[in-house]
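Starting from 1, each residue takes its place in the sequence as its number. Keep in mind it's a predicted model, so treat the numbers as computed, not measured.
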Amino acid sequence: MNVTGDQALVKKLNKSIVLERIRLHAPLSRAQLSSQTGLNKATVSNLVAELITEGLVYETGLGESSGGRKPLMLLFNSRAGFVLGIEVSVQYIQGALTDLAGAIEAELVLPLGQHDPAFVMEQIQKLVQRLMQVTPPSPHGIVGIGLGVPGMVDESGTVLFAPNLGWEEVPLQQQLETELGLPVVVDNEANVGAQGELYYGMDGEHRQLVRDLVYISAGSGIGAGIIIDGKPYQGAWGYAGETGHMTIDWNGRSCTCGSRGCWELYASEKAYTAPALSLPAHSTAKLLPFARQGDADTLSVFRDIGRYLGVGITNIVNSLNPGMLIIGGPLAEARPWLEQSMREVIDERALPYHRRQLQIRFSTLGSRSTMLGAAYAATAPFLGRVRVSL
């Protein structure tokens, strides 16, 4: 099948390439951009002029001369606009106002006392309005909003099924764009969490080396964001990553998804409500002080959660053979008390060749992975990413 593009598409693609190069590798001169992108110098100069006019790029200082006049160097203006990244969880929604490079300008958390879509929509709008009030002046203002939700989301931003929220067929993106008048991107919370880790959780050198990554979001439930060959893996219909609902006990506890023995019943915050347990609190944040004080029941449940995390991670490692696996979400904060038991299970059960070069890390972004990944998902369209499908 022949694929053709008109002059406007070619220009948009070239402009995106130039901006991406400056964003990731600045400071750069026009000559360096021409050399690195393969575009001729006149094309680069014209595209850079447009980017400067739009406020996305600016000139600074003088670079090293190769024999002639010293060139002006180009930098990306990360404060040319701002985005909102929002995570919808079972107990709360949290949002961050970031610049175009993911630097957090402000954060806000609002509780979710109920999960009715209309109520959640009101809370999202309230959070957006409050963050917009503290947005600094910029050439482009708020350029987009990204949301990560704990459920299956289709390409139109409709939440098809979110068992922990009790949602089915909620057209979240459409409703929010109508109410807010801004571009909105909605995706599964683990999918955007993986992007947060990849683009904001590691430096450029490591990002170039990591081509296959699995991000495990462990909180009120469990989800997985999968990066294969440097690109998010969505599956045939966009629903990949629902690892929290893989069965690890065929006759286990009943799950809100309609199945039994799902991984997240034993390795997420849902484990705190098991009938046999008597804990002083039922959220990770509230249990952490008890763990630091050496409370026996709290330490025991964290060890058990670590073991069950190890079981599910073993299944993922044996199935996907990733180069790196990152654990994030609220349970990542309990790392000191669950990591050892988790790694013991993985070392015992994962196939030796699969784990030989595997890197297992806990998130450097903590509980902000999804929020920042959602911000990145809203930033990318504004910066002109162009997808060409064959």
Side-chain angles (χ1 to χ4, degrees), residues 87 89-90 148-152 163-164 187-202 210-228 232-235 239-248 255 257 262-272 284 302-347 349-350 354-355 358-374:
E87 177 184 5
S89 187
V90 173
V149 298
M152 293 163 44
N164 293 337
D187 201 348
N188 171 268
E189 52 92 19
N191 287 344
V192 294
Q195 295 180 65
E197 290 293 336
L198 183 64
Y199 293 104
Y200 296 147
M202 59 183 75
V210 177
R211 306 298 297 171
D212 299 283
L213 163 72
V214 176
Y215 169 73
I216 303 295
S217 173
S220 55
I222 293 182
I226 304 168
I227 305 287
I228 294 179
Y233 177 71
Q234 304 283 359
Y239 315 143
E242 290 295 331
T243 54
H245 296 287
M246 66 178 167
T247 301
I248 63 169
C255 183
C257 75
C262 293
W263 185 29
E264 69 176 38
L265 297 176
Y266 307 92
S268 76
E269 292 180 319
K270 290 185 176 182
Y272 302 150
T284 303
F302 280 151
R303 281 193 297 269
D304 285 345
I305 286 175
R307 293 187 187 98
Y308 280 115
L309 274 173
V311 170
I313 288 171
T314 295
N315 291 339
I316 292 170
V317 168
N318 288 348
S319 300
L320 296 179
N321 185 30
M324 180 179 291
L325 189 142
I326 298 175
I327 301 155
L331 270 167
E333 307 291 340
R335 175 182 180 177
W337 304 284
L338 60 78
E339 181 177 17
Q340 181 177 344
S341 60
M342 180 196 76
R343 289 187 180 272
E344 287 173 353
V345 170
I346 296 169
D347 290 343
R349 301 192 179 202
H354 288 62
R355 70 170 188 268
L358 171 68
Q359 298 181 62
I360 298 179
R361 300 182 178 181
F362 281 75
S363 170
T364 58
L365 302 177
S367 60
R368 295 184 173 93
S369 301
T370 293
M371 207 165 53
L372 288 174

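Across every non-hydrogen atom of T284 and A334, the tightest pair is CG2-CB, 4.4 Å. Residues W263 and I248 come closest through the heavy atom pair CD1-CD1, 3.9 Å. For the pair I360 and R343, the tightest heavy-atom approach, listed with the atom from each and the gap, is O-NH2, 2.7 Å. Nearest approach of A224 to T243, heavy atoms of both residues: CB-OG1, 3.4 Å. Contact record, E269 with S220: OE1-N, 3.3 Å, taken as the closest heavy-atom pair. When all heavy atoms are compared, the tightest approach of E87 to S367 is OE1-O, 3.9 Å.
With sequence neighbours left out, R303 forms a side-chain contact (heavy atoms from CB on, under 4.5 Å) with L299, S300, R307, S341. For D187, the side chain to side chain donor-acceptor pair (under 3.5 Å) criterion is met by N191, not counting sequence neighbours. Remark: S363 engages E197, S369 in a side chain to side chain donor-acceptor pair (under 3.5 Å) (not counting sequence neighbours).
In this structure, E264 contributes its side chain and I222 its backbone to a donor-acceptor pair below 3.5 Å. Under the 3.5 Å distance criterion, the side-chain polar atoms of T364 are matched with a main-chain donor or acceptor of G201. Formation of a donor-acceptor pair under 3.5 Å by the T370 side chain with backbone atoms of E189 is found in this model. When atom types are taken as modelled, the side chain of R355 and the backbone of D347 share a donor-acceptor pair closer than 3.5 angstrom.
Counting heavy atoms from C-beta on, the side chains of C262 and K270 never come closer than 4.5 Å. Counting heavy atoms from C-beta outward, M371 and L365 have side chains that stay 4.5 Å or more apart. Taking 4.5 Å as the limit, every side-chain heavy atom of Y266 sits out of range of all side-chain heavy atoms of D304.
Note that the CG atom of L309 and the OG atom of S268 stand 9.0 Å from one another [nearest 0.5 Å]. How far CD1 of I305 is from CG of L338: 7.0 Å, rounded to the nearest 0.5 Å. Atom CE of residue M324 and atom CZ of residue R361 lie 3.5 Å apart, to the nearest 0.5 angstrom. To the nearest 0.5 angstrom, Y215 atom OH is 12.0 Å from I227 atom CD1.
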For residues 314-321, which side-chain donor-acceptor pairs fall under 3.5 Å, sequence neighbours excluded?
unit_1 : atom_1 : unit_2 : atom_2 : d
T314   : OG1    : G310   : O      : 2.7
N318   : OD1    : L351   : N      : 3.0
S319   : OG     : N315   : O      : 2.7

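With P322 as the partner, the side-chain contact (heavy atoms from CB on, under 4.5 Å) test is satisfied by one option alone out of I226, I228, L358, L213: L358.
Identified under the salt bridge (charged side-chain N to carboxylate O under 4.0 Å, His left out) test for residues 312-336, with sequence neighbours left out: R335-E339. Listed by first then second residue, pairs satisfying salt bridge (charged side-chain N to carboxylate O under 4.0 Å, His left out) with a partner in residues 316-330 number zero, not counting sequence neighbours.
Classified by interplanar angle (parallel below 30°, tilted 30° to 60°, perpendicular above 60°), the ring pair F302/W337 is parallel.
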